[in-house]
Amino acid sequence: MAIQFNFVSSMLILVLLSISSVEGQGGGGGGVIDVVAKFGAKADEKTDLSKPLLDAWKEACASTSPSKIVIPKGIYFLSTATLDGPCKAPIELQVQGTVKAPADPSAFKEPKWIAFNRIENFKLSGGGVFDSQGTTAYKREGCKGHDYCGSLPINLRFDFLTNAMIQDITTKDSKQFQANVLGCKNITFEHFTVSAPDESPNTDGIHIGRSDGVNVLNSEIKTGDDCVSIGDGSKNLVINGVTCGPGHGISIGSLGLFKNEEPVDGVTVKNFTMTNTSNGVRIKTWPGAEPGTCSNIHFEDITVTNVSSPIIIDKKYCPWNK
């Protein structure tokens with residue numbers, strides 16, 4: 001496992017160098033794009049940030065030189081946004097302020113709030129907060145049985161990104177998963193903060209699926225479900241220096257629910273601290289499951305305090321008495 005860990009770490013360093021090296025290049029367009037100064041965004045908690053942000057993204061995405069979009073300090077309202085690639089050059093979205101979602105779950109037509117889709121060489125940074133105001137959703141009937149929860153919006157979706165860095169960002173009170181990673185290659189979360197109460201159902205801190213080379217480093221996750229959950233097709237994952245609690249610990253699975261699930265291969269969890277969580281490290285599969293494999297799993301230096309079940313391998317996972 002040491003060889004595997006060093007290889008993945010080296011990949012991470014190369015990605016960081018790649019992103020850093022392009023920041024100083026010149027070219028057509030690019031530069032710093034302030035959504036307030038250039039596109040009239042208002043930090044008044046009621047004017048929708050959606051159009052200014054999408055207009056800034058359109059300009060940055062078309063640039064042939066690296067661009068940085070800045071959301072300055074202040075509190076903004078954002079109904080929803082999907083930021084699509086591919087783009088012509090690296091892009092950084094620097095969020096310095098707090099961005100708030102509609103509190104009412106019925107305001108969303110799709111199970112997502114902010115989505116980043118098919119982008120290469122992307123960075124999300126700035127110390128800002130994405131606040132979904134999800135506390136009203138936690139009290140709705142049916143959420144604990146997942147019949148209602150599945151239709152709720154995910155705070156941050158990262159779909160099919162290559163070479164991405166999510167750094168110094170907070171996601172708060174999401175109505176469903178805090179962050180969802182799907183189909184990504186070489187994506188790193190560093191100093192990523194998740195904040196949600198213990199009673200928030202189905203609010204996984206970071207859910208990872210069908211992605212290769214995901215790194216979660218030096219982060220703090222407080223939520224009502226798994227701090228990190230790992231789905232099928234996840235390969236070469238490194239989780240290092242993370243604190244978790246409240247929450248359900250770290251889970252591989254549930255696996256085996258669907259046909260043709262891809263293998264989970266190569267998960268290293270180190271220096272992980274869990275406090276006041278229901279579980280520690282867990283691997284779970286559905287009973288009567290579809291065939292699949294989960295291999296090369298390495299847990300090291302795991303500290304648990306007031307954790308109900310520090311280690312679980314559960315091959316008959318069956319919640320809600322289904």
Side-chain angles (χ1 to χ4, degrees), residues 134-135 137-150 152 154-155 171-180 189 192-209 214 216-232 234 237-257 264 267-289 294-295 297-322:
T135 53
Y138 308 151
K139 300 172 184 178
R140 294 285 289 270
E141 291 184 8
C143 202
K144 288 194 174 181
H146 280 227
D147 297 324
Y148 167 71
C149 270
L152 292 169
I154 294 168
N155 249 23
T171 170
K172 184 176 185 293
D173 293 339
S174 181
K175 297 174 179 69
Q176 205 201 143
F177 292 173
Q178 305 277 349
N180 189 82
F189 294 80
F192 186 69
T193 301
V194 172
S195 176
D198 187 30
E199 65 271 16
S200 58
N202 207 33
T203 53
D204 294 24
I206 303 175
H207 178 73
I208 302 163
V214 180
V216 183
L217 310 174
N218 304 317
S219 296
E220 181 180 23
I221 301 176
K222 298 179 179 181
T223 192
D225 210 303
D226 296 324
C227 288
V228 181
S229 56
I230 300 164
D232 78 294
S234 300
L237 272 56
V238 174
I239 302 168
N240 192 347
V242 174
T243 61
C244 164
H248 294 179
I250 182 167
S251 291
I252 298 173
S254 308
L255 301 176
L257 183 59
V264 174
V267 178
T268 296
V269 182
K270 298 183 68 174
N271 305 317
F272 201 105
T273 300
M274 284 169 268
T275 305
N276 299 325
T277 60
S278 57
N279 303 304
V281 294
R282 175 167 61 162
I283 301 173
K284 53 180 179 170
T285 66
W286 291 90
C294 175
S295 56
I297 311 301
H298 185 97
F299 298 119
E300 180 180 347
D301 293 333
I302 310 297
T303 301
V304 294
T305 303
N306 193 27
V307 172
S308 301
S309 302
I311 301 172
I312 305 176
I313 299 177
D314 182 0
K315 297 194 72 177
K316 287 190 176 182
Y317 177 70
C318 192
W320 325 303
N321 298 315
K322 288 193 174 181

Distance col, row N202:CG vs L152:CG, nearest 0.5 angstrom, shows 8.0 Å

When rounded to the nearest 0.5 Å, the distance separating CD1 of I230 from CD1 of I252 is 4.5 Å

Which of D314, D225, D226 passes salt bridge (Lys or Arg N to Asp or Glu O under 4.0 Å) with R282? Answer is D226

Of all heavy-atom pairs linking T223 and T203, the shortest is OG1-O, 2.5 Å

Separation between NZ (K270) and CG (D301), nearest 0.5 Å, reads 7.0 Å

N276 meets the side-chain hydrogen bond (donor to acceptor under 3.5 Å, both in side chains) criterion, sequence neighbours left out, with N306

The reported gap from CD1 in I312 to OH in Y317 (rounded to nearest 0.5 angstrom) is 10.5 Å

Nearest heavy-atom approach of G134 to K175 is CA-CG, 3.6 Å

Scanning both residues in full, the closest heavy-atom pair of P246 with D198 reads CB-OD1, 3.7 Å

- For the pair S174 (side chain) and N155 (backbone), establish whether a donor and an acceptor sit closer than 3.5 Å, ignoring hydrogens and angles. yes

For S308 and S278, the nearest pair of non-hydrogen atoms, with its separation, is CB-O, 3.2 Å

- Message: Apply side-chain contact (heavy atoms from CB on, under 4.5 Å) to residues V242 and C227 and explain how you reach the verdict.
- Response: CA-CA 9 Å; V242 174; C227 288; 5.9 Å; no

Paired with I250, the side-chain contact (heavy atoms from CB on, under 4.5 Å) test is passed by just one of V269, I221, V267, namely V269

Between P197 and S200, the two heavy atoms sitting closest are O-OG, 2.6 Å

NZ (K172) and CD (Q178) are apart, to the nearest 0.5 Å, by 10.0 Å

By salt bridge (Lys or Arg N to Asp or Glu O under 4.0 Å), K222 pairs with (sequence neighbours left out) E220

Is H207 reaching over with its side chain to a backbone N or O of V228, donor-acceptor style, under 3.5 angstrom? no

Hits for ring-ring contact (aromatic ring centres under 6.0 Å, His included) against F272, two or more places apart or cross-chain, chain-then-number order -> none

So OG1 of T285 and NZ of K316: to nearest 0.5 Å the spacing works out to 10.5 Å

All heavy atoms of V281 vs all of I302, minimum pair found to be CG1-CG2, 4.3 Å

Exam field: side chain T277 to backbone N279, donor-acceptor pair closer than 3.5 Å:
yes

#### Entry: Any side-chain heavy-atom pair of F192 and T171 under 4.5 Å
yes

